[in-house]
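Each remark here refers to the structure printed beneath this line.
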Protein chains: 2
Amino acid sequence: MIKLGKLTDYAIAVMGQLVHEAADSSAQGEGTMSSSAHYLSSRTGIPEPTIAKVLKMLAKGGLVVSARGAAGGYRLAKPAGQISIGEIIAVMDGPVAIVSCVDPGQEPCMMSETCPTRHGWSRVNDAIKSALDGVKLTEMLSAPACGKVHDFMKGEDAGCA
Amino acid sequence: MIKLGKLTDYAIAVMGQLVHEAADSSAQGEGTMSSSAHYLSSRTGIPEPTIAKVLKMLAKGGLVVSARGAAGGYRLAKPAGQISIGEIIAVMDGPVAIVSCVDPGQEPCMMSETCPTRHGWSRVNDAIKSALDGVKLTEMLSAPACGKVHDFMKGEDAGCA
DNA sequence: ATAAACAGTACTTATTCAGTACGATTAGGA
DNA sequence: TCCTAATCGTACTGAATAAGTACTGTTTAT
Ligand code: FES
Ligand code: FES
């Protein structure tokens, strides 16, 4: 269960694409150019209806700004270096809440009386949150020293040797 | 999606209970006493069929050892101080794999060609893993300085003031 | 006016998870 | 020996959640 939803994964890919677009357009002196959902779909391979949904969520979360009408589209709301992975996840999947029994609007817990783990979760949660917030979008895009892709799951440590 | 399954939450509660049992029995000089699923159910409030399932998974993962037959039951496989939350999560929910497109035995990725985020995930994943591994079971059980329970989700920082 | 593009919502389908049930196996005790 | 208490393993069912799709409305450049 410690895994991102597909939409979140898409979102990060799309944001990455927008970073590229922003870099290209600013190189051409057109810093405010927007990319349409259709264009982003063709660039990322994500089906258009789905990417549109992702972009709408990101816009609602304030990570991208949208321009409506003909020649409209999306662009990053702020420089890529200021956008963290944690923010994107928060927008797409909601705030990080590792345990279910703390959800507000839900009965406290089936076993809050006897459960010995009522304390201590906040520390774990904060650790994860700062791990996520500590990684910026720009860092995700820059290739590591080695040429490896993210196959960390297969081995114990696939980090660059 | 960044949340634990209920079974994982149960598992940690059960392990905590086993820590107590181990402490009690060693105080009486019966260090190898086992607790039955029925007994643990009554102590934790978790329904017996469910707790049995949890215990089976934990036994398979090597975190508890089982004794069959009459007067059988479960006990911790190693001292509580050596068991981390990360281990329990790994046993219950599988290894931490934050992105779905790295699952072995699955098509690499829909957009591995153009996706700009192929690199960098291992760093995020490792950060989360060490955050999880850094918290030992004994630390979860010890109450914090304040008497607060884990309601960190409601406020920004519910840590002990 | 027209066409291109986003906004919002609602619906359907697929997947995953929690919970339950059943039969088999093992070990202790009468 | 026979019975009982307990785990082992698997398989099934129902519910919750997420993913994907569709449609209608609004905005804006040409
Ligand atoms: S599992 Fe909810 S209070 Fe412990
Ligand atoms: S999302 Fe799979 S390679 Fe980027």
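Lettering follows sequence order; numbering is per chain, from 1. Values reported hereafter were calculated over all heavy atoms of this structure, with side chains retained and with hydrogens, waters and symmetry mates removed. Bear in mind the structure is a predicted one, so any value in this text is a computation, not a measurement.
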Would you mind reading off the distance between [X] atom [atom1] and [N] atom [atom2], rounded to a whole angstrom?
X        : N       : atom1 : atom2 : result
Leu55(B) : dG9(D)  : CG    : P     : 13 Å
Met92(A) : dG20(D) : CE    : P     : 11 Å
Glu48(B) : dC8(D)  : CD    : C1'   : 15 Å
Tyr74(B) : dA5(D)  : OH    : P     : 17 Å
Ile51(A) : dC6(C)  : CD1   : P     : 10 Å

Partner of [X] under side chain to side chain contact (heavy atoms under 4.5 Å, CB included), chosen from [options]:
X        : options                      : value
Ile46(A) : Leu7(A), Leu40(A), Ile51(A)  : Ile51(A)
Met15(A) : Leu55(A), Ile85(A), Leu58(A) : Leu58(A)
Ile88(A) : Leu132(A), Leu4(A), Ile83(A) : Ile83(A)

Practice prompt. Output the single nucleotide from dA7(C), dT20(C), dC8(D) whose closest atom is nearest the side chain of Pro49(B).
Written response: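 The answer is dT20(C), which lies nearest to the side chain.
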Is the shortest side-chain N/O distance from [X] to OP1 or OP2 of [N] below 4.0 Å?
X        : N       : answer
Tyr39(A) : dA4(C)  : no
Ser36(A) : dA4(C)  : no
Thr50(A) : dT21(D) : yes
Tyr10(A) : dG20(D) : yes

Practice prompt. State yes or no: do Leu18(B) and Met57(B) share one hydrophobic cluster built from I, L, V, M, F, W and Y residues joined by side-chain heavy-atom distances below 4.5 Å, directly or via other members?
Written response: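 In one cluster with Leu18(B): Met57(B), yes.
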Practice prompt. Would you name the heavy atoms of Gly134(B) and Glu139(B) that are closest together and state the gap between them?
Written response: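 Shortest heavy-atom separation between Gly134(B) and Glu139(B) comes out as O-OE2, 3.5 Å.
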Worksheet entry | Nearest heavy-atom neighbours spanning Ser41(A) and Glu48(A) |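 Closest approach of Ser41(A) to Glu48(A): OG-N, 3.5 Å.
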Worksheet item: How would you label the contact of Ala52(B) with the nucleic acid (heavy atoms, under 4.0 Å): base, sugar-phosphate, or nothing?
Response: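 Result for Ala52(B) = nothing.
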Worksheet, complete the sentence: In B/S/- notation (B base, S sugar-phosphate only, - none; protein heavy atoms under 4.0 Å), nucleotides 8-17 of chain C written 5' to 3' is B--------S
Practice prompt. Hey, could you give me the CD/CG distance between Gln82(A) and Leu76(A), rounded to the nearest 0.5 Å?
Written response: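 Separation between the atoms: 11.0 Å.
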Worksheet item: NE2 of His20(A) to CD of Gln17(A): how many Å apart, nearest 0.5 Å?
Response: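 That separation rounds to 7.0 Å.
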Discussion item. Show every salt bridge (Lys or Arg N to Asp or Glu O under 4.0 Å) that has at least one partner inside residues 85-98 of chain B, sequence neighbours left out.
Written reply: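 Listed by first then second residue: Lys78(B)-Glu87(B).
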Polar pairs (N or O, both sides) under 3.5 Å between protein and nucleotides 28-30 of chain D?
residue	atom	partner	partner atom	Å
dT28(D)	O2	Ala70(A)	N	3.3

